[in-house]
Number of protein chains: 2
Amino acid sequence: MTTRAEATRARLQSAALDLFEERGYRAVTVEEIAAAAGVSHMTFFRHFPTKERVLLDDPFDPVIAAAVAAQPTGMPPIERIARGLVSLAPLLDQEPTAQARRAIAIAAREPDLQAGMAANTAATERAIVEAAATAGDEPAMRIAAAACLAAVTAVLLGWATDGSTRTLGELVSTAMTTVVPALAEAQVPAFARATP
Amino acid sequence: MTTRAEATRARLQSAALDLFEERGYRAVTVEEIAAAAGVSHMTFFRHFPTKERVLLDDPFDPVIAAAVAAQPTGMPPIERIARGLVSLAPLLDQEPTAQARRAIAIAAREPDLQAGMAANTAATERAIVEAAATAGDEPAMRIAAAACLAAVTAVLLGWATDGSTRTLGELVSTAMTTVVPALAEAQVPAFARATP
DNA sequence: GCAACAGATGTTAGTGACTAACATTTGAGG
DNA sequence: CCTCAAATGTTAGTCACTAACATCTGTTGC
C-alpha cells in the first residue's frame with residue numbers, strides 16, 4: 001500500500017532524473033522538478049531536504065549494516081564486511097536497479113554532486129561501524145569498511161557509466177573476492193571456506 | 001613575499017575561523033566574514049568558491065601525492081602509501097598546525113560540513129591514485145588509499161577534538177605502523193625494513 | 001615625479017536554494 | 001455527510017552565489 005506522500009516522492013525522483021539527464025543537474029531548478037511532478041516547490045522540500053538528495057538519497061545503509069552485523073564474528077573485519085556485502089548480492093539482483101543506475105551515472109559526471117556522493121559513502125561506512133563493530137575493533141572496522149566501500153564504489157561507477165550487462169550482485173561479489181585477498185596479501189582464502 | 005591577495009585570503013580565513021567558533025558555521029553569513037576581514041562579499045568569493053571552502057581548503061593534496069609517488073615501487077600499494085604518509089611526519093611537525101586544528105574541530109561538529117570533509121578525503125584519494133598508481137594497479141591503489149586515509153581521518157578527528165598534546169607527525173606515524181600490519185594480517189613487517 | 005597598466009577590490013542587480021508561518025485541500029473513518 | 005489529520009499550497013522572506021561593470025592601488029618604465 002503506497003501512501004499519497006510516497007507516490008509524490010516517487011514522482012519527484014522520477015521527474016528529477018528525467019530533467020537532470022536532459023539538461024544537467026545545475027540547469028534544472030527545484031521549481032521545474034516540482035512542476036514536472038505536479039506539486040509546488042514547498043512539497044519538494046518536504047520530501048527532500050536539499051536538491052541533491054532527490055538524486056542521492058537511498059535506503060540501503062541500514063540493510064548493508066545489518067548484513068555485515070549478521071556475519072559471524074571471529075574473522076578479520078575486512079573479511080566480515082566483504083562477506084556481508086556479498087550476502088546482499090541476491091537482493092541487489094532482484095531490486096529494480098534501473099533508476100539507481102541512471103542516478104549514479106548522473107552523479108558521476110556532475111562535479112556539484114561529488115561531495116554528496118562522498119558523503120553517502122561516508123554515511124554507509126559509519127552505519128557499518130556502528131552496527132557491526134565489537135569492543136575495541138572500531139578503528140580496524142572503519143578502515144576495512146573504507147577499503148571495501150572504495151572497491152564497491154569503483155564497481156558501481158563502472159556499472160553505471162560503462163555499458164556493463166552484468167548484474168550488481170555479480171559485480172560486487174567479484175570485487176570482494178578479488179579485493180579481500182589483495183588486501184590480505186593473498187594468504188587468507190576468504191571465500192574458499194564454506195558459506196553457511 | 002606575501003602579496004596583497006594572499007594577505008586578504010589569510011584575513012578571510014582567520015575571521016571565518018573566529019566567527020564560526022563563536023556562533024557556529026550556519027549562523028555566520030559570508031557578508032559578516034567579509035566585513036570582519038575588511039572587504040566586500042565579492043572579494044570573499046574571488047578567494048573561495050563557496051562558503052565552506054574558506055574552512056575546508058587545504059593545499060596538502062599535491063604534497064601528499066608527491067610523497068607517495070616518491071616511495072619506491074615493488075611493494076604492496078598499502079605499504080607504499082603508508083610509507084609516503086609517514087615520510088610527511090617531519091613536515092607536519094614544523095607546519096603551523098593551530099589553524100588546521102581549529103578548522104577540523106569545527107568541521108567535525110558541524111553537520112553542514114561533513115559532506116565537504118568527505119569530499120576532501122575523496123580528493124586526496126584521487127590525487128594519490130593519479131600521482132602514484134602504476135600500470136594496472138589503480139584499483140588496488142584506490143582501495144589502499146581509502147584504507148590509509150580512513151586511519152588518518154580518525155587520527156585527525158581525535159587530534160582536533162580531544163586535547164591531544166602529541167604532534168600530528170607522531171599520530172600519523174603511529175596510525176600507519178599499527179594499521180598496515182592489521183590490514184596485511186600482521187605478516188608484513190612493514191616498518192622493520194630499513195627506511196632509506 | 002608621473003603616466004600607464006594590471007591586479008585587486010567595490011557596486012549593483014540579479015537568480016535560485018532553502019525556510020517559516022499560515023491557509024487550504026484531500027482522503028479515510030465514523 | 002462530517003470530521004480530523006495528513007498532505008499540499010501561498011506568501012514572503014534570507015542568504016549563497018554570479019555577472020557586468022566601475023574603481024582603486026601599487027608597480028613599472030620614462
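Reckoned from all heavy atoms, side chains included, excluding hydrogens, waters and symmetry mates.
Between C:dA8, C:dG10, D:dA7, one nucleotide has an atom nearer to the side chain of B:S40 than all others, and that is C:dG10.
Using a distance-only test at 3.5 Å, with no hydrogens or angles considered, a donor-acceptor pair links the side chain of B:T124 to the main chain of B:N120. Between the side chain of A:Q13 and the main chain of A:L55, no donor-acceptor pair closer than 3.5 Å is present.
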Exercise for the section: Please assess B:R11 against B:T8 for the test side-chain hydrogen bond (donor to acceptor under 3.5 Å, both in side chains), listing each intermediate value before the final yes or no. Expected result: CA-CA 5 Å; B:R11 256 184 297 126; B:T8 301; 3.2 Å; yes
Exercise for the section: Would you check, one step at a time, whether the test salt bridge (Lys or Arg N to Asp or Glu O under 4.0 Å) holds for A:E79 with A:R83? Expected result: CA-CA 6 Å; A:E79 188 182 339; A:R83 281 174 183 266; 3.2 Å; yes
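Taking 4.0 angstrom as the limit, A:H47 places none of its side-chain polar atoms (N or O) nearer than this to OP1 or OP2 of D:dA7. Remark: A:T3 is not in phosphate contact with D:dA6, judged by side-chain N or O atoms under 4.0 Å from OP1 or OP2.
Within the 4.0 angstrom heavy-atom criterion, only backbone atoms of the sugar-phosphate kind lie near B:T43; the bases stay farther away.
Taking atom CD of residue B:E6 and atom P of nucleotide C:dT9, one finds them 11 Å apart after rounding to whole Å. Regarding A:R53, its CZ atom lies at a distance of 16 Å from the C1' atom of C:dA17, rounded to whole Å. Rounded to an integer number of Å, the gap from B:I33 CD1 to C:dT9 C1' is 18 Å. In this structure, CZ of B:R9 is placed 13 Å from P of C:dA8, rounded to the nearest angstrom.
The aromatic rings of B:H41 and B:F45 sit perpendicular to each other, their planes meeting at more than 60°, with 30° as the lower class boundary.
Taking every heavy atom of residues 106-114 of chain B and every atom of DNA chain D, no pair lies under 4.0 Å.
Remark: B:R26 CZ to B:L113 CG distance equals 10.0 Å, nearest 0.5 Å.
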Practice task
Would you mind building the protein contact string for nucleotides 13-21 of chain D? One character per nucleotide, 5' to 3', B for base within reach (heavy atoms under 4.0 Å), S for sugar-phosphate only, - for untouched.
Solution key: ---SBBB--
Ignoring hydrogens and angles, write down the donor-acceptor pairs under 3.5 Å from the side chains of residues 144-159 of chain B, residues two or more places apart or on other chains.
| unit_1 | atom_1 | unit_2 | atom_2 | d |
| --- | --- | --- | --- | --- |
| B:T153 | OG1 | B:L149 | O | 2.7 |

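Between B:R9 and B:D57 a salt bridge is recorded (basic side-chain N to carboxylate O distance below 4.0 Å). Using a 4.0 Å cut-off between charged nitrogen and carboxylate oxygen, A:D112 and A:K51 do not count as a salt-bridge pair.
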